[in-house]
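Single-structure report; data block below.
Please read these numbers as outputs of a predicted model, since none were measured by experiment.
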Amino acid sequence: MNSDIRQGTAEMTAAMLISGTIGWFVVMSGQPVSGVVFWRCLFGALTLLVICGALGLLRPGIITLRAFGITIFGGIAIVLNWLLLFASYSHATISIATTVYNTQPFMLLALGALFLGEKITAAKLFWLTLAFAGMMAIVQAKPQTGGVSGDYGFGILMALGAAFFYALAALATKWLKGTPPHLIALIQVATGMLMLAPITDFSHPPGDIGGWAILVTVGVVHTGLMYVLLYGAIQRLPTHLTGALSFIYPIAAFLVDRLAFGHALQPMQIAGAVIILFAAAGMNLGWTPRWLRPRALES
């Protein structure tokens, strides 16, 4: 294993472990979802501003007006994604919400076909169908733990909505080739600050240092540091390895949900989660079932 692969693997692993713990911080913050996302954007923007300045990315002419507009569009999508995902935790648990959220590759598949003319192959269609079957298994299950509120199905719909907006943000990023990724992240979180400032309730801030520490951690670690690690890994790793390591995120989220909140999944939910994650792995890693492979011509 060369040094780039080794370093990229360490960065990707760290980024996914950080992502997998964000649910705990969101729940323990005690803040409304819009407030959590606002402070995430604020502290993340401050962190990324320092990083972009250190990398010399704040010079005029670094980004075109067209790319700036696309980045703002992606920022709106990524903030809506955070709002929906965080809100889904209280309805469907962190484990289920994160699993459903991992249908994002299939959302991106549809958007890529619609806007970029990308071809949907038989193998991709198979993985999409399999993921849908896993989704149906999760929808049919009913949570047994008392740590959720409201409607379970509504939580699943919010997680699906989060996946859709994440796919929109990813689609926007595909149109931003050549634009420094850390600058993209800075513009996106700055967009989120402007979006949420008018609707954020500043009259009930965290009442102690611990509450503020949670919000600062979400902004600095789960946003600023995570972006640096993730983009560093993407630049160093082949696509298949990036896709494989991305599944550390839902596994970490499952462990956090179980250990911190005692949320145990039912057999039907476990089966659905395994099916969705397996389908997403097949999609990300480009697996093709044997029966869908073209047969060699007989001589």
Problem - Pairwise salt bridge (Lys or Arg N to Asp or Glu O under 4.0 Å) hits with a residue in residues 7-17, at least two apart - result: Glu11-Arg236
Problem - Linked, directly or transitively: Leu108 and Leu277 (ILVMFWY side chains, under 4.5 Å) - result: no
Practice task
Verify whether the ring centers belonging to Tyr227 and His182 lie closer than 6.0 Å.
Solution key: no
Problem - Same apolar cluster (I L V M F W Y, side chains within < 4.5 Å links), Leu259/Ile248 - result: no
Practice task
Please name all residues satisfying ring-ring contact (aromatic ring centres under 6.0 Å, His included) with Phe25, sequence neighbours left out, ordered by chain then number.
Solution key: His222
Exercise for the section: Describe, in one word, how the ring planes of Phe278 and Trp287 are oriented to each other, choosing from parallel (under 30°), tilted (30 to 60°) and perpendicular (over 60°). Expected result: tilted
Handout entry: Centroid-centroid distance, Trp291 to Phe126, less than 6.0 Å
Key = yes
Practice task
Output yes when a side-chain donor or acceptor of Thr64 lies under 3.5 Å from a complementary backbone atom of Ala67, and no otherwise.
Solution key: yes
Practice task
With side-chain contact (heavy atoms from CB on, under 4.5 Å) as the test, would you mind laying out the steps for Leu237 and Thr9 before giving the verdict?
Solution key: CA-CA 7 Å; Leu237 296 177; Thr9 299; 3.8 Å; yes
Problem - Spacing of OG1 belonging to Thr179 relative to CD1 belonging to Ile187, to within rounding of 0.5 Å - result: 8.0 Å
Completion exercise
Result for side chain to side chain contact (heavy atoms under 4.5 Å, CB included) between Trp127 and one of Leu125, Leu130, Thr129 points to Leu130
Handout entry: Of Phe43, Trp82, Phe202, the residue whose pairing with Phe38 passes ring-ring contact (aromatic ring centres under 6.0 Å, His included)
Key = Phe202
Practice task
For the pair Phe86 and Tyr89, name the ring-plane relationship: parallel under 30°, tilted 30 to 60°, perpendicular over 60°.
Solution key: tilted
Exercise for the section: State yes or no: do Leu229 and Ile251 share one hydrophobic cluster built from I, L, V, M, F, W and Y residues joined by side-chain heavy-atom distances below 4.5 Å, directly or via other members? Expected result: no
Practice task
Could you walk me through whether Leu186 and Leu58 pass the side-chain contact (heavy atoms from CB on, under 4.5 Å) test, one step at a time?
Solution key: CA-CA 10 Å; Leu186 173 59; Leu58 301 179; 4.1 Å; yes
Exercise for the section: Determine the minimum heavy-atom distance between Ala137 and Gly272, stating which atoms define it. Expected result: CB-CA, 3.9 Å
Exercise for the section: Please confirm whether the backbone N or O of Phe165 pairs with a side-chain atom of Asn81, one donor and one acceptor, at under 3.5 Å? Expected result: no
Practice task
Say whether, by atom type as modelled, one donor and one acceptor occur between the side chain of Thr13 and the main chain of Ala10 under 3.5 angstrom.
Solution key: no
Practice task
State yes or no: do Val216 and Ile209 share one hydrophobic cluster built from I, L, V, M, F, W and Y residues joined by side-chain heavy-atom distances below 4.5 Å, directly or via other members?
Solution key: no
